[in-house]
Amino acid sequence: MIGVIDYGAGNLGSVMNALKRLNAPARFVSGPEELNPASCAFEKIIFPGDGHFATAMASLNKSGYADAIKDWIKADKPFLGICIGLQLLFETSDEAKAASVDGKEVKGLCVIEGTVRRFPGRKVPQIGWNQTEAKKESKLFRGLRENSFFYYIHSYYADPVKKDVTAAETDYYVKYCCAVERGALCAVQFHPEKSGETGIKMLENWITM
């Protein structure tokens with residue numbers, strides 16, 4: 001059973017529809033208590049969503065999902081973050097710094113060392129299809145055509161300190177990390193559930209990893 005975390009963000013319906021196409025049993029996680037690695041009904045967890053970094057972290061902290069997600073990842077249980085589900089794995093974000101009114105830095109989940117930065121160009125956000133260059137050893141992109149196109153919509157990009165977590169890169173003003181893999185932890189900046197058959201194949205790869 002795959003658990004899909006619902007903390008009030010969007011795009012959940014399209015994720016569930018994609019899993020249904022793959023005949024993958026899935027349901028929404030009803031609360032952070034369901035993510036206890038020692039007594040969990042779920043084999044895998046997907047954390048999709050969009051929104052503001054600071055607002056999303058406030059929601060995760062208030063609901064208790066922040067600690068539950070960190071415990072799940074620490075136990076090396078299968079996890080897939082999508083869009084902001086990738087960005088929140090990092091330590092902090094330019095988006096949160098820009099919105100700060102009291103000087104306090106909003107921390108992410110701090111699962112991956114690094115910062116989420118704003119694109120330097122004028123045409124922001126990036127909206128639409130972009131080629132994605134995957135590392136040959138990546139399991140997420142196994143069997144996909146080289147430099148496959150995925151659908152993106154975001155204004156900030158992940159910049160990990162340790163580049164060995166990077167599973168794929170793409171280019172929009174700068175070449176940046178758009179997917180990470182580390183043990184059972186996976187996350188992508190693009191939306192596989194909105195990326196046609198290529199995205200469905202990538203989800204299938206993750207399910208069967």
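For the single chain, residues carry numbers from 1 onward in sequence order. When reading the values below, keep in mind they use all heavy atoms of this one structure, side chains included, and skip hydrogens, waters and symmetry mates.
The residues E34 and R27 are annotated as salt-bridged, a charged nitrogen and a carboxylate oxygen being separated by less than 4.0 angstrom. Ion pairing of K175 with E133 is present here, as a side-chain N (NZ or NE/NH1/NH2) and a carboxylate O approach within less than 4.0 Å. The residues R21 and E197 are annotated as salt-bridged, a charged nitrogen and a carboxylate oxygen being separated by less than 4.0 angstrom. In this structure, D71 does not pair ionically with K74, as no charged nitrogen and carboxylate oxygen lie closer than 4.0 Å.
Side-chain atoms of Y152 and T132 include a donor-acceptor pair closer than 3.5 Å. Side-chain atoms of Q87 and Q189 form a donor-acceptor pair, as typed in the model, at a separation below 3.5 Å.
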TODO: Please assess I69 against V111 for the test side chain to side chain contact (heavy atoms under 4.5 Å, CB included), listing each intermediate value before the final yes or no.
DONE: CA-CA 10 Å; I69 291 171; V111 172; 5.8 Å; no
- [ ] May I have the step-by-step check of side chain to side chain contact (heavy atoms under 4.5 Å, CB included) for Y65 and I5, ending in yes or no?
- [x] CA-CA 9 Å; Y65 269 122; I5 295 176; 4.0 Å; yes
- [ ] Decide yes or no on side chain to side chain donor-acceptor pair (under 3.5 Å) for Q131 and T170, but give the supporting numbers first.
- [x] CA-CA 6 Å; Q131 283 185 306; T170 191; over 6 Å; no
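Distance CD1/I46 to CG/D6: 13.0 Å, rounded to 0.5 Å. The distance from the CD atom of E169 to the SG atom of C177 is 7.0 Å, given to the nearest 0.5 Å. For the atom pair CG (L35) and CD1 (I45), the distance works out to 5.0 Å, reported to the nearest 0.5 Å.
At a threshold of 4.5 Å between side-chain heavy atoms, the hydrophobic network of Ile, Leu, Val, Met, Phe, Trp and Tyr places I200 and I82 in one connected group. Neither Y172 nor I127 shares a network with the other; the hydrophobic side chains, linked directly or stepwise wherever heavy atoms of I, L, V, M, F, W or Y lie under 4.5 Å apart, form separate groups for each. Note: the hydrophobic cluster containing F28 also contains L19 (ILVMFWY, side chain heavy atoms under 4.5 Å, direct or indirect links).
Annotation: cation-pi geometry not satisfied between K139 and W206 (NZ/CZ under 6.0 angstrom from ring centroid, within 45° of ring axis).
Ring geometry for Y173 versus F119: interplanar angle of 30 to 60°, hence tilted.
Within the structure, side chain to side chain donor-acceptor pair (under 3.5 Å) pairs that include any residue of residues 112-127 comprise R117-D159, Q126-N130, Q126-H154, Q126-Y176 (at least two apart or interchain).
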